[in-house]
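All values below come from the heavy atoms of this structure, side chains included, with hydrogens, waters and symmetry mates left out. Reminder, nothing fancy here: chain letters follow the sequence lines and each chain counts from 1.
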Amino acid sequence: MTLRLHNTMTRSAEPFAPLAPPHVSVYTCGPTVYNYAHIGNFRTFLFEDMLRRWLEASGYRVFHVMNLTDVDDKTINGALKAEVSLAEHTARFIAAFHEDREYLRILPAHVYPRATEYVAPMIAMVESLLEKGVAYKGDDGSVYFAIAKFPGYGKLSRLDTRELQAGAGGRTSADEYDKADARDFVLWKAARAEDEQVGAAWDAPFGRGRPGWHLECSAMALDLIGKELDAEVLDIHAGGIDLVFPHHEDEIAQSCAHTGRDEFARVWMHGEFLTMSGTKMSKRFGNILTARDLREEGVDAGTVRLLFATTHYRAPLDFTDQALDAAREGSRRLGAFGARLAAAGAGGSSPSLDAVAAELDTAFTEAMNDDLNAPRALAALFDAVREGNRLLDAGESPGPSLQAVWSRTTDVLQVLPLASGPRVVTMADARDGLEESGGDSDWAVAWAGRRLAAKHARDWPEADRIRDLLTTAGWEVRDRKDGSAEVVRAAG
RNA sequence: GGCGCCGUAGCCAAGUGGUAAGGCAGAGGUCUGCAAAACCUCCAUCACCGGUUCGACUCCGGUCGGCGCCUCCA
């Protein structure tokens, strides 16, 4: 069973075959750093993280590039408004992006190129396109790409089979009349006074200005994979589904026109949208939820990741509190099993548990190989939890196999809660003179010890009072068969 | 108007020509001082209407409903 990935270009799942295995180049469109990224953005980044982790788990050596768009209308406007330089303005949101990324346990890309650091390669590419005659300078001093000169235009988004209604999106820019064709897109924008004010203008042979949005991805991707892998074609290019047109279509046009190759990426992967209670997140609806909002509410990353993993990356996902609650409980259950496995050790031997491990391994791998079918992979995990718990309840003693498979599979999805495992409590932990308030781990163990003492004295009201106290502080107490108990942090 | 996605149990969600994974919630049970956890059992005929087929949730046509893209939004 080999990995199959859905390619937007062909609209079908194809066997994955990188150009130079085991190396795989992956380019993912990163955030525009003008604001805190919202969870819709992060749904895409999490899908890409899952892709990255699965490729690596499958033995590939991934070279992952994610760009940071740090010069565009929004970043410039933001800098103007805050009355700081562009660099100062974006630095803040770049730092925030990485904080959020770490919170969500997203592996760092190998390189995070920023558009402002790649102006020279971008200028070189524009010159190349001008020389080849596929770009032209408009009356406004900007440089545009001539769609008509690029026969393959529209393949990715199936533009050839549809009509473009000019301005249908209501976002047509005022300078459209400077283009020869309404569909032509800007490669280089002539500098305005505002651009100069925030330091967003560079000299170029064809006039002072700043790069257009699409240009950065082509220039940075080609530069980086050229240096790293000596390649001119990406193995995988991924992003949100809204980037198919025009962003990726335009990237293909300028990149292929530049390299002379017939493709820019072997596989194009696009993640579906996340909606909030049925509608797209936007400032207009006031329904933006950021990663830091979740973090501040104490939501564990495992909960978020499980919520997203329950829906296939190419299916729309509606974010609701109910779904989040369900994910939290599921994550807790998985984490509890993981902790139980770890506590059970690997010194025993159990053909039944080995069979559970083998089944999990097979089912998980098949699911992930089938275009990253995380919902099915998750089902395999839950099947293993149920069977594993049943066998452990029956007194089976695990060998090393289940623990190994469990670690390998859960590492890919990262859906377990971060909360530490349970701490075992005995009567020896009972201490007098405890404060009623507290909350840390030692405090919880001490109170749980006192509860055991109360239980031993058959003082049920006191035992229950202490349990309530612990519950209020966010700790769960569970009695064990041997007379001891355990306390565990309730999942967030 | 064009292009695309989706409509599966109370909620979330896989699947796909041969009689519907998994999770959450709920009900009953085992265990327990009581709980919790864990386990067991129960809980759908797949928006609607036609058609193809021995057989369709799965293929084709249509209808209704939801969502997205159509120049810089993941």
Would you mind classifying the nucleic acid contact of [X] as base, sugar-phosphate or nothing, using non-hydrogen atoms under 4.0 angstrom?
| X | answer |
| --- | --- |
| H38(A) | base |
| R451(A) | base |
| N373(A) | sugar-phosphate |
| L381(A) | nothing |
| K74(A) | sugar-phosphate |
| V385(A) | sugar-phosphate |
| V186(A) | base |
| G239(A) | sugar-phosphate |

From the options [options], select the nucleotide whose nearest atom is closest to the side chain of [X].
| X | options | value |
| --- | --- | --- |
| E329(A) | C67(B), C6(B), A25(B) | A25(B) |
| Q322(A) | C11(B), C34(B), A14(B) | C11(B) |
| F382(A) | C40(B), U71(B), G22(B) | G22(B) |
| D393(A) | A74(B), A38(B), C34(B) | A38(B) |
| A379(A) | U71(B), G22(B), G33(B) | G22(B) |
| R333(A) | C12(B), U71(B), C39(B) | C39(B) |
| T44(A) | A74(B), G23(B), G4(B) | A74(B) |
| D242(A) | C34(B), A74(B), C39(B) | A74(B) |
| D383(A) | C39(B), A21(B), C72(B) | A21(B) |
| R376(A) | G15(B), C39(B), C34(B) | G15(B) |

Side-chain (S484(A)) to main-chain (R480(A)) donor-acceptor, under 3.5 angstrom: no
Polar side-chain atom of T310(A) near backbone of L307(A) as donor-acceptor pair, under 3.5 Å: yes
Of P461(A) and T311(A), the one whose closest RNA chain B nucleotide lies more 5': T311(A)
cation_pi(R489(A), W475(A)) dist<6.0 Å, angle<=45: yes
When you compare [N] with [M], how far apart are their [atom1] atoms, in angstrom units rounded to a whole number?
| N | M | atom1 | value |
| --- | --- | --- | --- |
| G7(B) | G26(B) | C1' | 25 Å |
| C67(B) | C12(B) | P | 15 Å |
| C24(B) | U41(B) | P | 15 Å |
| U30(B) | G23(B) | P | 23 Å |
| C43(B) | C11(B) | C1' | 14 Å |
| A38(B) | G15(B) | C1' | 29 Å |

Indicate whether OP1 or OP2 belonging to [N] is found under 4.0 Å from a side-chain N or O atom of [X].
| X | N | value |
| --- | --- | --- |
| R478(A) | A35(B) | no |
| R332(A) | A38(B) | yes |
| N389(A) | A38(B) | no |

Any strand counts, and the cut-off is 3.5 Å on both contacts for Watson-Crick or G-U wobble. Which nucleotide pairs with [N]?
| N | result |
| --- | --- |
| C3(B) | G68(B) |
| C34(B) | none |
| G17(B) | none |
| G26(B) | C42(B) |
| G55(B) | none |

Ring geometry between H248(A) and W268(A) (parallel below 30°, tilted from 30 to 60°, perpendicular above 60°): tilted
Passing candidate, side-chain hydrogen bond (donor to acceptor under 3.5 Å, both in side chains) with T8(A), options R158(A), H270(A), H237(A): H270(A)
